[in-house]
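Only this structure's heavy atoms are used, side chains among them; waters, hydrogens and symmetry mates stay out. Chain A is the first sequence line, chain B the second, and so forth, proteins listed ahead of strands; every chain is numbered from 1.
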Protein chains: 2
Amino acid sequence: MGRKSIADIRREEFATAAFEVLSVHGMQGTTLQRVADHTGASKASVLHYFSNKQTLIETALRQANATLRKEAVALMNLASTPWERFYGILEANFSPTTFRPEVAHGWISMCAEVPHNPQFQRIQTVIYRRLHSNLVSALKDTGMTEAEAEHGANAVSLLIDGIWLRCGLQIGGLNREDAAAHIEAVVNKLFGDLAERQAAKAKMSALAQALTLNAA
Amino acid sequence: MGRKSIADIRREEFATAAFEVLSVHGMQGTTLQRVADHTGASKASVLHYFSNKQTLIETALRQANATLRKEAVALMNLASTPWERFYGILEANFSPTTFRPEVAHGWISMCAEVPHNPQFQRIQTVIYRRLHSNLVSALKDTGMTEAEAEHGANAVSLLIDGIWLRCGLQIGGLNREDAAAHIEAVVNKLFGDLAERQAAKAKMSALAQALTLNAA
DNA sequence: TAATTTATTGACTAATGGGTCAATCTATCC
DNA sequence: GGATAGATTGACCCATTAGTCAATAAATTA
């Protein structure tokens with residue numbers, strides 16, 4: 001495996017800075033100058049590592065998404081039953097480190113650009129597909145039919161999208177607990193009130209908390 | 001009632017043009033020049049009616065929302081039972097005239113700006129509150145408890161948001177029928193499979209279609 | 001018809017922001 | 001130590017765009 005060169009590290013720094021700036025200032029407000037200031041470097045230095053603003057932001061989004069994915073994978077590896085995998089997905093989507101208004105705002109900013117930017121479109125598609133197939137796979141393994149699993153996955157992913165949107169808009173001041181409760185209420189209606197599911201939820205919730213505490 | 005002056009009509013023209021440009025080109029791409037071109041007028045003329053770009057776009061969004069609202073009110077006036085009101089709300093949110101990728105993109109563009117623009121924040125809040133209170137009111141009148149109605153309204157409004165987002169992103173190529181089906185599947189699980197509800201759905205769906213045919 | 005208001009526009013300004021470039025500065029390698 | 005490669009940056013350049021302004025055209029009114 002190739003080790004990280006100095007240049008790679010620098011690129012990462014600028015990319016993370018870019019995502020933070022994007023989250024706070026939106027797409028219009030994300031200027032090369034601001035990103036540079038945010039790292040203490042100069043605008044020209046940023047452009048030394050990224051040929052243009054486009055690729056910088058693209059890299060920033062991919063990197064941010066990779067972070068999310070790593071967290072999700074870590075959780076999934078600890079899941080041993082289908083329902084635990086299901087709740088692993090949910091917990092990852094509402095992890096305290098990522099489920100924050102600024103981060104949500106960053107993603108919404110990307111969404112607004114999707115129709116004008118094929119690269120963003122691709123990123124968005126990848127994210128969506130992964131979520132969907134993970135959900136379907138987990139639900140199917142609980143014993144549902146393909147169709148049931150599809151319906152369930154659709155419903156849950158739509159809810160997640162809706163909640164992230166609302167989080168970014170800071171409507172009704174919803175926090176992580178509220179978000180999880182909203183979803184759980186629907187999930188209960190959708191899939192019935194199984195004791196096995198409750199246990200899986202409790203386990204993955206605890207694991208997620210342990211992981212974030214560990215990371216901090 | 002004050003009649004519309006020539007100036008008012010002109011303002012409306014520019015505002016509708018602005019929303020159309022916004023829907024196609026996003027917030028960044030919505031320049032005064034483009035809006036002017038889209039109406040055949042000059043940039044300076046636009047600024048003659050709107051002191052700045054800010055108020056132009058704000059007016060455009062309010063106007064677009066007012067159009068939606070009128071459609072919703074027309075449907076609601078034809079509803080006579082709580083479930084009919086409920087489906088009136090749904091139908092209005094998926095009306096063929098408004099539930100289009102470009103329009104959805106326009107709204108997402110606004111959402112992305114909400115954190116930087118108190119006016120947009122206000123518009124967004126108004127829209128959300130109206131939807132929520134309409135849903136709660138209809139559901140409560142079907143005999144649910146306050147809490148049940150709240151939960152139901154939350155679930156449905158989150159789904160609607162998620163679907164609009166997905167529509168704007170043109171993910172999975174979902175069309176109106178798919179969107180309605182997604183929602184209906186969840187609604188069936190949430191509220192049970194009542195014959196009365198089915199009838200209400202059929203009626204409001206037919207009325208909505210009649211209204212849009214009439215408008216065309 | 002003359003006067004006054006209103007509409008429209010081309011030309012201009014100022015600021016912003018992406019991107020280039022040549023000059024330095026630093027570190028590594030022979 | 002000297003050379004070479006990469007890092008960093010200030011100074012530019014150019015395109016874009018919001019907003020101004022004064023001049024002209026059109027319409028309304030007295």
Side-chain angles (χ1 to χ4, degrees), chain A residues 2-61 106 109-110 112-113 116-120, chain B residues 2-61 106 109-110 112-113 116-120:
Chain A
R3 305 187 43 202
K4 274 180 197 166
S5 68
I6 288 274
D8 285 337
I9 294 174
R10 206 86 178 94
R11 257 186 283 270
E12 272 182 33
E13 283 176 15
F14 284 130
T16 45
F19 188 78
E20 282 165 13
V21 172
L22 177 72
S23 297
V24 175
H25 292 100
M27 202 60 84
Q28 298 218 44
T30 301
T31 67
L32 292 173
Q33 192 58 59
R34 273 230 184 84
V35 175
D37 290 350
H38 199 259
T39 67
S42 72
K43 188 181 70 166
S45 201
V46 178
L47 284 165
H48 177 66
Y49 292 97
F50 294 92
S51 49
N52 52 39
K53 185 186 172 179
Q54 186 59 214
T55 59
L56 167 64
I57 295 187
E58 197 189 312
T59 310
L61 290 168
S109 300
M110 182 197 71
E113 294 301 308
H116 313 113
N117 190 319
Q119 292 298 331
F120 289 0
Chain B
R3 304 188 43 199
K4 275 180 198 169
S5 69
I6 286 274
D8 285 337
I9 293 174
R10 206 86 177 97
R11 256 187 284 270
E12 271 182 35
E13 282 175 14
F14 285 130
T16 46
F19 188 77
E20 282 166 13
V21 171
L22 177 72
S23 297
V24 174
H25 292 100
M27 201 61 83
Q28 298 217 45
T30 301
T31 67
L32 292 173
Q33 191 59 58
R34 273 229 183 84
V35 175
D37 289 350
H38 200 259
T39 67
S42 72
K43 188 182 72 166
S45 201
V46 177
L47 284 165
H48 177 67
Y49 291 97
F50 293 93
S51 49
N52 53 36
K53 185 186 172 181
Q54 186 60 213
T55 59
L56 166 64
I57 296 187
E58 196 188 313
T59 310
L61 290 168
S109 299
M110 182 197 72
E113 294 301 310
H116 315 295
N117 189 319
Q119 292 297 330
F120 290 0

(request) Counting heavy atoms from C-beta on, name the nucleotide in C:dT9, D:dT9, D:dA18 closest to the side chain of B:Ala41. (result) C:dT9

(request) Look at the side chain of B:Lys53 and the backbone N and O of B:Thr30, then say whether any donor-acceptor pair between them is shorter than 3.5 Å. (result) yes

(request) Rounded to the nearest angstrom, tell me the gap between atom CG in A:Leu32 and atom P in C:dG19. (result) 6 Å

(request) Ignoring the backbone of A:Ala44, work out which of D:dA7, D:dG10, D:dA18 is nearest its side chain. (result) D:dG10

(message) I want to check one thing: is the phosphate of D:dA7, taken as OP1 and OP2, less than 4.0 Å away from some side-chain N or O of A:His48?
(response) yes

(request) Could you tell me whether the phosphate oxygens of C:dT6, OP1 or OP2, come under 4.0 Å of any side-chain nitrogen or oxygen in B:Arg10? (result) no

(message) Counting only heavy atoms not in A:Ile6 (residues, nucleotides, ligands), do more than 12 fall under 6.0 Å from its CD1?
(response) no

(request) Using whole Å, report how far CG of B:Asp8 lies from P of C:dT6. (result) 14 Å

(request) Write down the distance between CG (A:Leu56) and P (C:dG17), rounded to a whole number of angstrom. (result) 15 Å

(request) Would you mind classifying the nucleic acid contact of A:Leu47 as base, sugar-phosphate or nothing, using non-hydrogen atoms under 4.0 angstrom? (result) base

(request) Send over the distance from A:Met27 CE to C:dG17 P, rounded to a whole Å. (result) 15 Å

(message) Between C1' on D:dA26 and CD1 on B:Ile6, what's the gap in Å once rounded to a whole number?
(response) 12 Å

(message) Output the rounded distance in Å from NE2 (B:His25) to P (D:dT17).
(response) 11 Å

(request) List the atom of A:Glu13, the atom of A:Thr39, and the distance in Å for their closest heavy-atom pair. (result) O-CG2, 4.4 Å

(message) Whether B:Tyr49 contacts C:dT6 is assessed here as follows: a side-chain N or O lying under 4.0 Å from the phosphate OP1 or OP2. Is that the case?
(response) no

(message) Any N or O donor-acceptor pair under 3.5 Å from the base of D:dG19 to the side chain of B:Lys43?
(response) yes

(request) Using atom CD of B:Gln28 as one end and atom P of C:dG18 as the other, report the distance to the nearest whole Å. (result) 9 Å

(request) In whole angstrom, give the distance that lies between atom CD of A:Gln33 and atom C1' of D:dT9. (result) 11 Å

(message) Checking side chain to side chain contact (heavy atoms under 4.5 Å, CB included) between B:Leu32 and each of B:Asp37, B:Asn52, B:Leu56, which is the one that passes?
(response) B:Leu56

(message) What I want to check is whether the side chains of B:Glu58 and B:Asn117 have a donor and an acceptor closer together than 3.5 Å.
(response) no

(message) So B:Ser45, base contact, sugar-phosphate only, or nothing? Heavy-atom distance under 4.0 Å.
(response) base

(request) Identify which nucleotide among C:dG18, D:dA18, C:dT8 has an atom closest to any side-chain atom of B:Lys53, counting heavy atoms from C-beta outward. (result) D:dA18

(message) Assuming nearest nucleotide by heavy-atom distance, tell me which of A:Ser51 and A:Arg34 is located more 5' along DNA chain C.
(response) A:Arg34

